[in-house]
Amino acid sequence: MSGSIPFYQKHHRHYDRGYRSRETESAISQYQQSSNTYSSHSSKSTKGIRAATYTALDEPRLSPLPKRVKPTYMAMDKENQIIGYVVPIFRGSHEFQSGLSDTEEARAKESAGYLARRDLFASGVESERIEHKSHRTVMRESAERISLSKRIYENEEYHKHLNEDSLMHTPEFVIKPRSHTVWEKQCVRLHCTISGCPEPRVVWYKNNVSIDPMATPEKYKVESSYSVHSLEINKCDFDDTAQYRVSAMNSKGETSAFASVVVKRFKGEIDEFLPSPRLRKYFSIKPAPCLEYGVTFETHLVEKFGVSFGREGETLSFGCSVIIYPSLQRFQPEIEWYRDDKLLVPSKWVQMHWSGDRATLTLSHLNKEDEGLYTLRVITKSGFETHSAYVFVRDADAEVAGAPGAPLDVHSLDANKDYVIVTWKQPAVDGGSPILGYFVDRCEVGMTHWAQCNDTPVKFARFPVTGLVEGRSYVFRVRAVNKAGMSHSSRVSEPVAAMDPADRTRKGPFAPWTGQIIVTEEEPVEGVVPGRPCDLSVIEATKNYVVLSWKPPGEKGHEGVMYYVEKCVSGTDSWQRVNTEIPVKSPRFALFDLAEGKSYRFRVRCCNSAGVGEPSEPTEATTVGDKLDIPSAPGRVVPTRNTDTSVVVSWEASRDAKELVGYYIESSITGSNTWEPCNNKPVKGTRFICHGLTTDESYVFRVRAVNAAGISEFSQESEAIKVKAAIGGGILHASPTPPYGITVLECVRDSMVLAWKQPTFIGGADITGYFVDYREVIGGVPGKWHEANIKSVSERAYRVSELKENMLYQFQVRAANMAGVGIPSLPSETFKCEEWTIAVPGPPHDLQVQEVRKDSLVLLWKPPVYQGRDPVNGYYIDIKEAEADFEMWRGVNEKATDKTFMKIKDLKMGESYVFRVRAQNKAGVGKASDSTEPVEAVTKPGTAEIVVNVDDDGVISLNFECSNLTADSKFVWSKNYVEMTEPERMTLETKGSKSKAIFKTPSEEDLGIYSCFVTHTDGASASYTLSEETLKELLKISHDHKFPIIPLKTELAVELLEKGRVRFWLQAEKISANGKVEYVFNDNVVHQGEKYKMNFDKNTGIIEMFMESLGKEDEGTFTFQLQDGKATTVSVSLFVILVLLLLFCASVFLFLQVFIFLSTLFSLPVFVPISKKDAGIYEVVLKDDRGKDTSTLNLTDQGFKDLMNQVFSVIANSSTPLKIQSTEEGIRLYTFVKHVTVFKGTVHQNDNLTHQKETHTGLEQTEAFDDAFCTGNRLILVFFIDRARVAGGLPDVVTIQEGKCLNLTCNIWGEPVPEVTWLKNEREMVSNDHYILKFESGKFASFTITSINTSDSGKYSILVKNKYGTESGDFTVSVFIPDEEPGKKK
């Protein structure tokens, strides 16, 4: 081969070593040194050597690899002929190649060695051979290692194909994309490396919106090659700043990675405060020049789309023509479409088109979900323009006449491994008969077969679907059914994958993929029995199903767990497993076929391959039934004219509606009784514009509320309204008329404070603010108007600043509401801007009149802005008849009031009045305010007052009702005529035409005047004064309502009847048919039977219980417990069997018979009521058929004394230690005794007799013994010490200003009622006009000094006295003059 012949043999036939020139020898020598250096470095390297380095790999004995073409360093000509040699450049041990074949290299080295031995030193050749041999050995060993690695790789590939499934795994990111920050108009590339088996499908997203490179090929370019994936963004602009996500998905799962791209502009290229086009809807921005083109774009929308109507299944297109000036060929605006303020993205249901001058939106296969307000937004660099219109979608014709409309908005919630909740909204059209329920269908993604999920229709608009296959994706649809038939199917839901939410969280958001997902479980760890589930609860309960939720156990190892669910009926402990065959994988479970109305408890067990764990804590008892109630019907419906084909309908929201979805509105031509839906998609507000009506036709409207439980009843029909354009071509409100009455409240050198009166007509809407203009007047000639305030002011007073001193000015004011800014007022008078220096205050302002009645009204005002030299300390109100002359002004109050309101009384019915107010300070009375408008003293029809109410729960509230409300009316509550916006002590509630202010904890802090004013009416208002006396009465009523009792005519009494029968009875004053009574003996309820007979006459209120016979076991306490609603009464009788038996004895003889009988029967000592008149000799004769016997008892003299000593000894021994108790009546000493008699109790103190008082005991219940009988004790011996006392209320020292009035009150206790004496400086006082002394109800003593002066200073005392004792209370009064230091005694 020519390539192996050295160049010097080709060009020199007679070549030998002598032909070499000096240059050639030098080149060979350099090559030799380089080759030796390379061999030395190669032997030490442990890394792989490139294929070109292994020059010995062509030898079959070393490697099975095929021969490779070896690189060479020979210079070639065009005919591939060698023409020279190229000396290689040294590049290190890993990059240098010799470039010679083995033969060439050996010959060159032999020549170099010969020269070296000859010219240098002979030992170099031998060293070169050793190094050359080492070089070849290293290359051979490296080649063998490569060969071995390849064989291992081929073997692994072979086995991988044999068992491919075992090596399948979810996608993994080998290299994740990284974030970039680039300049505008640059390109950026995001790339990543992903592994996975099978090969994953990769999708790129921008802000979670998928990127379609085919739709915008000039912007995006997506490439995938050998597991390397990239996204290229061309010519980045500011809108490309976003978060980008790449999602990889295969049959084993899905994973995502994120990267951010930030696009910057060069400094100065754009205003940094200029918001992006998408945010400009929140700012008011003037057109700015386009920085890219140097122009300002003007956008105009023409041929706008209007309100559109479609039907389900149809295709609807609408749009606008867009004119942008100036027109640039390559400039394109950004087009955005919104539905109900939500940005639309292209899908199979929505297509968007931009032709360059027209934006079009196409809705294919309409569904009711497509109904809503559509907005087109055209965005340029200079701003944006929008246009909106409503699209209505009517139901398609039913397949069966009378069938309901299709449900809408089907969504999947709470998806898990084998479970998902499907929700939907009920249709507006029920077909003329109530909807019986709904059927839910499911379909696996990629399939066409639909399976019905429920056998019986469910009425609740939410249903748990179970039995899903883990890892697969599903879509759902819903059908409604009534007695006529089945509706059309709803639009299918978005696909949802049945998998654990924890996997979603761990793996990131899912790409919109419709294939099957298979989730692999982690390698199980054997031998670990899972722990208990936790946080088990019932998250939803209806009459059709109950849904349980729990959290997995903490102890479960690495193995996935499954669950068994158990139930039991409340009150039992019999647990039954629900899912006996297959455990569930999700921590959610729906139970069906439960008995409605029954209560159940539930618990859950975990299981895995190691076994079944312990059960969780059971839930509370859950009653099967619908927990969510159907909302109540909406309130009053008010229609308002809008355009020739539409009406604005507003209504009151449903009360206490939970989980409200929205409202359906229906309309009907008056008198037709045929109702048509105005909307087929629920609206959440309480206002809706009903379109598509017939001009000049009269309509009525009604509304229904919707939640998941169902649809409410219809509201009441509205008043009929004729469809006709409102004034202003559909504008509901007009701008207000001009304000008037401009005055100056304060003036300084460079500013003036103005005030004005509210317009007489506000345009039907609240005034949102006022705008003030001013102008200079020079030489009587007014100048140009200037704006005083750019932002509107809400108050009817404003300070105009930056004026010139001593300059004359005129002012005008304009009012604004939602309809716009009204025309300005007439120019005011000419005012001079100079500082006021007067000492008296300026005029009050903003006078208002409320609570106009036939003989009274309330006048309100605001304090003057200019106070004068001293603060304002009072006000005077003036009044005159409206038609009277100026001289007829007269004062209402002789003494100045410090309030900013006053109730003016004694007006003449039908007379018109005007009012004005003057403020005063120490310097005097200032200028009067402007007078009010004439006010007629008349009570208008329908005028209501504030009513105080105490409900059954004892809650006190103030209630006000207004019958002439408008749609914009509001109730404004005030205390002392200061509005209560967020009161801490009250709760304000307004429902319809009624409003109430509820007291939270009524106390003296709540005393004051409460008023309520209704806006947008003819002055509907009222007030109520809550005084201290009224508060006490209300609190008493509140307590009675909270804790009501049943009043009794007679207390529980006991009667002894014939043959030993006993009658217990009482009589209630009034009791309803729902009244109940329980009969209790010694804390045990007794019932009708042989021994007890009960009778309850609800008409007369008499309650009776008869006991047929007496026995020792009947000794105890009998109680009647009455209940009538919340009211209760407990009546107790103390009953001792021995006393009752003795009461049979009408004479001493009968007593002796009973005495002997009891002694024989019970062997007990018996004590009876007995006195000295019973002394004598008693004889008892016992006889029967067999004979008789006589016994004598001597109760005279010593015998009687012995008997009494025995009786009292037993009584004394049966008593308990003496006890003491403090009561309102005094100090009570008492004891408990076992046996009963009538005697005199004696109180001893230090063995000296201080007082004795006879008390009645036994069954004679007096007030002194009521407490004793209620406790169930046999007897209480009570002594009262009711000494007169001063309970409190008097201070030690009173310091008061001269001329004031002093009133003191204290509480007095004592029985009998004490005598009260007042003393001044130890001298008794007498009540007169100056000193008023009172003693009321035997408990309250009051002391009043009118017009107090310095002579009233001194020491005062009160002395109380009754037969049990005397007590006094002292206090000191100090009077001072206002100019003197307080507290100084005069």
Side-chain angles (χ1 to χ4, degrees), residues 735-762 767 769-816 821-848 861-869 872 878 880 882 885-887 889 914-919 923-934:
S735 57
T737 57
Y740 65 100
I742 301 175
T743 58
V744 176
L745 302 180
E746 185 186 30
C747 185
V748 295
R749 287 185 296 180
D750 59 351
S751 66
M752 303 172 74
V753 178
L754 305 178
W756 56 88
K757 294 182 181 180
Q758 180 175 294
T760 55
F761 175 70
I762 63 175
I767 291 179
Y770 297 91
F771 295 91
V772 181
D773 301 332
Y774 68 94
R775 67 183 178 184
E776 298 178 354
V777 178
I778 302 175
V781 178
K784 184 179 179 181
W785 288 105
H786 301 279
E787 292 181 347
N789 59 317
I790 298 176
K791 185 178 180 181
S792 65
V793 294
S794 58
E795 299 290 334
R796 290 195 295 274
Y798 181 69
R799 180 181 295 276
V800 182
S801 303
E802 299 181 0
L803 302 179
K804 298 177 182 179
E805 188 177 5
N806 298 323
M807 182 66 70
L808 298 178
Y809 290 94
Q810 284 184 333
F811 303 92
Q812 67 179 17
V813 183
R814 293 169 293 164
V821 180
I823 61 177
S825 65
L826 294 175
S828 68
E829 299 177 9
T830 302
F831 301 109
K832 187 175 182 180
C833 183
E834 60 181 355
E835 187 165 4
W836 288 359
T837 58
I838 55 176
V840 295
H845 66 286
D846 198 10
L847 276 64
Q848 299 181 34
W861 62 90
K862 291 184 179 180
V865 177
Y866 179 74
Q867 298 284 315
R869 293 181 182 176
V872 174
D878 298 335
K880 80 177 184 68
D885 295 335
F886 182 83
E887 293 78 10
W889 281 106
V914 291
F915 304 89
R916 68 183 186 185
V917 183
R918 294 171 294 147
V925 180
K927 179 183 176 181
S929 67
D930 284 352
S931 60
T932 64
E933 294 298 315

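FYI, side chains are in, hydrogens and waters are out, and symmetry mates aren't considered; it's all heavy atoms of this structure.
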Student: Between the main-chain N or O of Val917 and the side-chain N or O of Ser929, is there a donor-acceptor pair closer than 3.5 Å?
Tutor: yes

Student: State the CE-OG1 distance between Met752 and Thr743, to the nearest 0.5 angstrom.
Tutor: 10.0 Å

Student: Give, for atom CD of Glu805 and atom CD of Glu835, the distance between the pair rounded to the nearest 0.5 Å.
Tutor: 7.5 Å

Student: Going through the distances and angles, do Val753 and Val744 end up as a side-chain contact (heavy atoms from CB on, under 4.5 Å)?
Tutor: CA-CA 6 Å; Val753 178; Val744 176; 6.0 Å; no

Student: What are the two closest heavy atoms between Ser801 and Ser751, and how far apart are they?
Tutor: CA-CB, 3.9 Å

Student: CD1/Ile742 to CD/Gln812 distance, rounded to the nearest 0.5 angstrom?
Tutor: 8.0 Å

Student: Look only at the side chain of Gln867 and the backbone of Val872, and say whether a donor-acceptor pair between them is shorter than 3.5 Å.
Tutor: yes

Student: What heavy-atom pair brings Val821 and Arg814 nearest, and what distance separates the two atoms?
Tutor: CG1-CB, 4.0 Å

Student: Is Pro824 close to Trp785 at the side-chain level, that is, under 4.5 Å between some pair of heavy atoms?
Tutor: no

Student: Identify the two heavy atoms, one from Lys804 and one from Cys833, that lie closest to each other, and give their separation to 0.1 Å.
Tutor: O-CB, 3.5 Å

Student: Just by modelled atom types, is the Trp756 backbone N or O under 3.5 Å from a matching donor or acceptor in the Asp930 side chain?
Tutor: no

Student: In chain order, what residues pass the ring pair (Phe, Tyr, Trp, His ring centres under 6.0 Å) check against Trp836, with sequence neighbours excluded?
Tutor: Tyr866

Student: Can you name the one residue among Glu795, His845, Gln848 that meets side chain to side chain donor-acceptor pair (under 3.5 Å) with Lys862?
Tutor: Glu795

Student: Do side-chain atoms of Tyr798 reach the backbone of Ser792 as a donor and acceptor pair under 3.5 angstrom?
Tutor: no

Student: Which atom names give the shortest non-hydrogen contact between Pro864 and Gly842, and what distance separates them?
Tutor: CB-O, 3.2 Å

Student: Can you label the angle between the His786 ring and the Tyr774 ring as parallel, tilted or perpendicular, going by 30° and 60°?
Tutor: tilted

Student: Got a donor-acceptor contact below 3.5 angstrom from the Asp878 side chain to the Arg916 backbone?
Tutor: no

Student: If we ignore hydrogens and angles and just use 3.5 Å, is the side chain of Ser828 paired with the main-chain N or O of Phe811 as donor and acceptor?
Tutor: yes

Student: Any side-chain heavy atom of Arg918 sitting closer than 4.5 Å to one from Val840?
Tutor: no

Student: Tell me whether the count of non-hydrogen atoms from other residues, nucleotides or ligands lying under 6.0 Å of CD1 in Ile838 goes above 12.
Tutor: yes

Student: So how far is it from Ser825 OG to Lys757 NZ, rounded to the nearest 0.5 Å?
Tutor: 13.0 Å

Student: Can you tell me how far apart CZ (Arg796) and OG (Ser794) are? Round to the nearest 0.5 Å.
Tutor: 10.5 Å

Student: If I compare all heavy atoms of Thr932 with all of Val914, which pair ends up nearest, and what's the gap?
Tutor: O-CG1, 3.6 Å

Student: Is the number of heavy atoms from other residues, nucleotides or ligands within 6.0 Å of NZ (Lys927) greater than 12?
Tutor: no

Student: Would you give the length of the straight line joining atom CD of Glu829 to atom CG of Leu808, rounded to the nearest 0.5 angstrom?
Tutor: 12.5 Å

Student: Determine the minimum heavy-atom distance between Leu745 and Pro843, stating which atoms define it.
Tutor: CD2-O, 4.1 Å

Student: If we ignore hydrogens and angles and just use 3.5 Å, is the side chain of Thr737 paired with the main-chain N or O of Pro759 as donor and acceptor?
Tutor: no

Student: Any side-chain heavy atom of Met807 within less than 4.5 Å of one from Ile778?
Tutor: yes

